[in-house]
Every structure is written in structure tokens, then in C-alpha cells.
**Q** 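What follows is a structure written as C-alpha cells; I'll ask about it next.
The shown structure was predicted, so the numbers you read here are calculated from the model rather than taken from an experiment. Each chain gets a letter, A, B and so on, in the order the sequences are listed, and its residues count up from 1. Values below: every heavy atom of this structure, side chains too, minus hydrogens, waters and symmetry copies.
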Amino acid sequence: MDKNNNPVLLEIQDVHKKYDEKEILKGINLSLHKGEVLVILGPSGCGKSTFLRCLNGLEKIQGGDIKFKEQSFTDKNADWQKIHERIGMVFQNYELFPHMTVIENILLGPLKVQKREKSEALAQAEQLLNKVGLLDRKDSYPRQLSGGQKQRIAIVRALCMNPEIILFDEVTASLDPEMVREVLDVILGLAKQGMTMVIVTHEMGFAQSVADRIIFMDEGKICEESGSKEFFTNPKTERAKHFLNIFQF
Amino acid sequence: MQNSAISVIFQENNIKRLFEGLFVTAEIAFISIIIGSILGILIGLSRTTKSKAILFINRVYLEAFRIIPTLVWLFVFYFGVTTALNINLSGEVVSVIVFSLWGAAEMGDIVRGSLQSLPKHQIESGKALGLNYYQIYRYVLMPQAIRRMIPGTINLATRMIKTTSLVVLIGVIDVVKMGQQIIESSRFQFPTASFWIYGFIFFLYFIICYPLSKISKRLESKWNN
Amino acid sequence: MNIDWNFVVTNLPLYEKAAWLTLKLAIVGILLSLVIGLLCGIILYFKVRVLDKIVQAYIELSRNTPLLVQIFFLYFGLPKLGFKMGEATCAIIGLAFLGGSYMAEAFRSGVEAVSKTQIESGISIGLSNGQLIRYVIIPQAFSVSMPSISANCIFLLKETSVLGAISIMDLTNLTKDLIGMYYRTFESLSLLVLIYLIMILPLSFLMSWIERKVRYAEFGN
């Protein structure tokens, strides 16, 4: 993908973050272009999930800045509601609202936050549900669904807000192996359509096929950054090589 | 300080009389808790049986005390049973009977709940290590079961202590009755006695029950972590 | 044993009147308790300074003292400071004072049970604080608190039996009077027990039904 012609959506400048006295992120610099798919890899504790959560403001940063188009995250008057509409997130444990049906879960944002017409939002919701093959489940409750189904619906819920960026936080980590594929296929489909995404995952095969760029993090810093094919066939740093070895038997 | 209303509490032997009443309350509560606990443990163990008849009887017994207010039970025994059996029971005896039965029912439920909440695989792990059933009960299940019962038991004891205040309504001379007598006799000298005396009784119940509930909370959080 | 049906029939209207009074007092007490409990629960959850300490003190004071002593204090004690009140008012205040703290505990534990990630999920689709409370927190908190709330309702209804001590003609007090006057202990007590069963059993079933309907917060993994 020719990232040079595409506008920068997220500008991450020298971001630092602490928990109590412990520094988790020690100066991250990154640009995210429209239509790009970034995959963040790294060992446990390297800060990748924390970093992802900074990208939609769930975690606050103590140093540096993150800019979404021209909106700075550290601006005291930042319009967070707008930011959350434009940057969606899918969580590891799906986090669907258990007291609402599937369709109610999906329509909550569009109707109450974006104040859209019900008929229009419903049409989009049904079209998206159909695409992931779950239209017949629209009146079910989350507890009646499998993990893979819930996660696909969580993705639809995020999509229905028409975001510009979607963040994925280890979304297949809680799933039984047979359900992982159906979720990853949905994400691959989104990538083909040009959705801008930042994904944290442990699924190496998936990472290789979906990513434009791989960001390898270690101990709160970006250790290596390269194109997807390059990273997996020819990792440059020792730590990246060591990390990739873990997944070979 | 002369004629200061609050000093009604400290007049003559008012405090002594209040504490005598408190002693009656404590006596009733204490005896009932002991009898109730022993009976309750037996009932609780019996609820692990598979006999539908026993389970049904136990269930009815427990629900009877949960649906009918305690005061009504006190009246039933004080007026009803005594008339029916043609015997004369004092308020104290009736109180102990009712509270013991109530305590036993609740205690039985606590015991059953605690036994049922023990993870089943603990028994299997014990068997896999070669322990026999008695050993599993003694070393693995009992210590955990007892731990789980303690918060509920303390909570029950606190509730029983508070409910003993009702026995004044069947003529027992407990701390509330003593308070009423003091207020009555101090009517001229300390017209505002009722405020201070009832306030003091309020305070007495509080300093008995509050520490108990704090201990229960602390144990519960200590053992849940 | 021969039952004096004449006695039963003659006094049934009195029992009916007492039952209605009991129910009315209980319902008002329960509603006030819910309001007080909700306010206290919110104050505790948001850790409002000063107010939350007051609420905590209130909860401990009302939970560790018996209703009887509370209403004696309200009815006989407070008038000495100039707060005169009628029996019904005193009864309702007593029930609400006691019930409020029990409901507060129920609400607080319900709200605490809503996981942080549920709230984050709501934030991530752009919900405002008010919308979070309305669409995410309250429905789930309610589901978790429902068993406690229903237990408290039944508890408050039973506690009305104590109100006879301040001359309220509730069911229990009526029975005591009738026994004193006519000595028909069996009939009087049987009616008393029967009416409590009729009032509380359906309430208990209603509560269980509501509990089951709102148990959506429990989803198996």
C-alpha cells in the first residue's frame, strides 16, 4: 500500500506513560496513515496493550502527544466523544452489554451517540450482520452465543459507528481454537476494504498476512519497525529474532 | 450541670439496672445461639441427605421462620402454645425456645450452604492422594467449611441480638423494659429522660453489634483473598 | 377442638383493615428506602467527599440497632426536643431509616459488580457519563442487586409487626388485643399466621420471578 500518498490519521510523538512509579512506555514515535494496517507484536509486559489503549484515550499519557488528525489528546478541551466515535475498539472479552440483544448492542452508539435515523442505522446494522453471517441472531442475547459469534458482533458494533480507525486488543486470545479463524477472516476482509487498523495479537500467521507494517515492541519502546514480509523473513534485531524463534518448534 | 438531662443516665443505680436488663438480653441471646448452633449443625448435615421427605420438612421449617415475623412466633408460643398445652411458660423461656428454633433453622441453612459451596474436585484430589472419606472430611473439607460459615454465623448472631429487643413485648424485663421503668420513675425530675435513656440503649446495642459486624467483614475479606 | 367461627367472621373486617394498614405502611417504607438507598449508593460509588462518610456512619448506626429501639427513640425520645410526630409518620420514618441502609448496601454491591471493562466498552462507543450510567451501569447493577432488594422488601414487611409497640393497629397488635379481650387464642393466632402467609408468599414468588427475569448479568463462560 502506498502510504506516502495517504493522509496521516494518527501522529504519535514521544509518548511516555507511567503506572504509579513504573514507566511502561518510554518514548514511542509512530505515524498511522489512512488505509494502513499496523500489527503490534512483542513479549508479555512490553506495553503493547497499554499503548493500544492510549490510542483511544482509555489510558492517559504523561509525556509526549498523540494527535488524531488535528485534535491533540493532551488538549484540555479535547472532544472525547467525537474521538471515540472516530476511533473504535474491540476488546479481548468482547464486552457486549449482557442485558441487550445483539441488535440493541449494535444500535446503541449510532442512535444515542450519533443520533442517527433509526431506519438508516438499522439498515446498516443488518447489512453488516449479514456480511459476518449472523443476521439471524440479531434478536439473541449475548449469553446465547458462542465466543466467536460474540466477537464478530463486537466488531460489527464497532463498525456501525463508521469509525476511521479500529483498534483490536488481542481479540482472539479468549477464543477456542476453532473459533479464532472466523474472527480473523472478518478482520482480513476489513483490511481488503481499506479500513485503517491497529492490531495487537499473538497470531503470527494472521499478523503476517494482514499487516502492512509490523511494530515490534520490547520494554516500552519500539524495537523494530518494518514491512510485514520483511519482518518475518528477515528480522533485523536480536530481540526480534529471539521473539520469532519462540513460535517455531 | 445541675439537672442536666443527660445525667439521668448516671442517676443512682440506673446504669446498674440497665445493665441488669442487658444481662437478661445477653442471656437469652447467648443460650439461644448455643442451642441453635448445635441443632443447626445437625440440621445442616441432615440437608445433605438424598431423602426428599427430610429435605421437604427442613425446607418448610426454614421458610416458616423466614416468612412469619419473629414477633408473631413469640406470640404464638407465649399465648398459643401455653393455652393449648395448658402450661405456664415465662417470657424468658418462650424467648429461648423461639430464638433457638429460629437460630437452628438459619444455622442449618448456613451449614448446608457452606458444605455445598465446597469445590467438588477437592474431594477428588483427596481421593487421588489416597485419603479415605473420613480423612477427607476432617483435613480438607471441615476447615474450609467452617471458614465459610463464620461470616454468616456472626451475621446471624448480630441479628438475634437485635431481635431480642422484642422480648419486652411479651413481658420480659430486658434492657428496653428497664429503660421504660427508669423513664417512668424519672418523669418529674427529668422530663426529657426518654430521649437520653432510649438514646443510651440505642448506643448500647450499637457497641455490641458494630464490633461483631466489623469482625465478620474483616474475616470475610481476609479469607476471600 | 372446636373453632369459634362466629369469632372469625365477626373479626375478619378488623383483620382486613389491619392488613391494609400493614401493607400501606410497608409500601411507603419500602419506596422511601429505595430512594434513600439509591442516593446513598450513588454517594458511596462516586466517593463524594464528606457525604460518603456521613452515609457510612448512617448505615452502620441503622444496621446495628433494632427497629424497636429506633422507633421508641423517634416516638418517645425526639418529642422532648420538640419534634412531635404521629404514629404513622414515626412508623414510616423508622422503616425508611432502617430500610434505607439495607437498600444502600444492595445498590452499592450491585454497582461495584459492573466490571471496569464493561464501562470501557461503553466509553469506546462514545457514551457520555450520563449515558453510561443509564444504559450500562444501572441495568447491570439492578440485576445483581435484585436478590438483596427483594430480601429487604420482605424484611421490611415483616418488621411492621413491631410497630404495634407505638400503638399502630397492625396485624400483630390487633391479634394481641383480641386475645386479651376474647381469649380465642387459636383462632386469633391462626388468622394472624394465615394472613402473613397470604401477604408474603405471593410477594416472595413475585420477587423470584423478577430476579429470574433480570438475571441477564450472569452469562456462562
**Q** Quick one: closest heavy-atom pair of C/L68 and B/S165, and the distance?
**A**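 For C/L68 and B/S165, the tightest heavy-atom pair comes out as CD2-O, 3.1 Å.
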
**Q** Over all heavy atoms of both residues, which pair between B/K162 and C/R63 is shortest? Give the atoms and the distance, please.
**A**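 Closest pair (atom of B/K162, atom of C/R63, distance): NZ-O, 2.6 Å.
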
**Q** In the structure I gave you, are the side-chain heavy atoms of B/T82 and C/T185 within less than 4.5 Å of one another anywhere?
**A**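 No, side chains not in contact.
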
**Q** Do you know the tightest heavy-atom contact between C/E60 and B/F206?
**A**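 Looks like O-CE1, 3.4 Å.
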
**Q** For C/L81, is it the side chain, the backbone, both or neither that has a heavy atom under 4.5 Å from a heavy atom of chain B?
**A**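 Side chain only.
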
**Q** Report the C-alpha separation of B/F202 and C/L61 in whole Å, then their side-chain angles, then the decisive distance to 0.1 Å, and conclude whether the side chain to side chain contact (heavy atoms under 4.5 Å, CB included) test is met.
**A** CA-CA 9 Å; B/F202 187 97; C/L61 278 173; 3.9 Å; yes

**Q** Counting heavy atoms not belonging to C/F155, are there more than 12 under 6.0 Å from its CZ?
**A**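 Atom CZ in C/F155 is crowded, with more than 12 foreign heavy atoms closer than 6.0 Å.
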
**Q** Once you round to the nearest 0.5 Å, how far does CD of B/Q180 lie from CZ of C/F76?
**A**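 B/Q180 CD to C/F76 CZ: 7.0 Å, rounded to 0.5 Å.
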
**Q** Give the member of B/C209, B/P69, B/A64 that has the highest number of heavy-atom pairs under 4.5 Å with chain C.
**A**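 Of the candidates given, the most pairs with chain C belong to B/P69.
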
**Q** To check you understand the geometry: which heavy-atom pair defines the closest contact between B/L169 and C/A165, and what is its length?
**A**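 Heavy atoms of B/L169 and C/A165 come nearest at CD2-CB, 4.0 Å.
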
**Q** Quick one: pull up CZ in C/F73 and CD1 in B/I201 and give me the separation to the nearest 0.5 Å.
**A**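 One gets 11.0 Å once the value is rounded to the nearest 0.5 Å.
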
**Q** Which heavy atom of B/F75 sits nearest to which heavy atom of C/L189, and what is that distance?
**A**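 B/F75 and C/L189 have their closest heavy atoms at O-CD1, 4.0 Å.
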
**Q** Relative to chain C, which of B/T83, B/V72, B/I207 shows the most heavy atom pairs under 4.5 Å?
**A**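 Most heavy-atom pairs within the cutoff with chain C belong to B/V72.
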
**Q** Which residue in the set C/I154, C/L203, C/L197 passes side-chain contact (heavy atoms from CB on, under 4.5 Å) when paired with B/I67?
**A**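 The option that passes is C/L197.
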
**Q** In terms of heavy-atom pairs under 4.5 Å, which option from B/F203, B/F195, B/Y210 contacts chain C the most?
**A**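 With the most close heavy-atom pairs to chain C, the winner is B/F195.
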
**Q** What's the spacing between C/N64 CG and B/L212 CG if we round to 0.5 Å?
**A**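 Result: 8.5 Å between the selected atoms.
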
**Q** Just how far is it from atom OG1 of C/T65 to atom CD1 of B/I161, taken to the nearest 0.5 Å?
**A**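 So the OG1 of C/T65 and the CD1 of B/I161 are separated by 13.0 Å.
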
**Q** Rounded at 0.5 Å granularity, tell me how far CG in C/D170 sits from CG in B/L71.
**A**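 That separation rounds to 8.5 Å.
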
**Q** Is B/V176 in contact with chain C via its backbone, its side chain, both, or neither, using a 4.5 Å heavy-atom distance?
**A**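 Answer is side chain: those atoms of B/V176 sit under 4.5 Å from chain C.
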
**Q** Measure the CG-OG1 distance between C/L67 and B/T163 for me, rounded to the nearest 0.5 Å.
**A**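 With rounding to 0.5 Å, CG (C/L67) is 10.5 Å from OG1 (B/T163).
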
**Q** How far apart are the closest heavy atoms of C/K80 and B/S194, and which atoms are they?
**A**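 So the minimum-distance heavy-atom pair works out to CE-OG, 3.2 Å.
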
**Q** Do B/K217 and C/E105 sit within salt-bridge range, that is, some charged N less than 4.0 Å from a carboxylate O?
**A**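 Answer for the salt bridge query: no.
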
**Q** Considering only heavy atoms from C-beta outward, does the side chain of B/F79 approach that of C/T175 to under 4.5 Å?
**A**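 A side-chain contact under 4.5 Å is absent here.
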
**Q** Can you say whether B/E63 sits under 4.5 Å from chain C via the side chain, the backbone, both, or neither, judging by heavy atoms?
**A**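 Looking at B/E63, nothing touches chain C.
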
**Q** Got a sec: does the NZ of B/K214 have more than 12 other heavy atoms crowding it under 6.0 Å?
**A**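 Counting neighbours around NZ of B/K214, more than 12 heavy atoms of other residues, nucleotides or ligands fall under 6.0 Å, so yes.
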
**Q** With a 4.5 angstrom heavy-atom cut-off, is it the side chain or the backbone of B/V175 that approaches chain C, or both, or neither?
**A**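 For B/V175, no heavy atom lies under 4.5 Å from chain C.
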
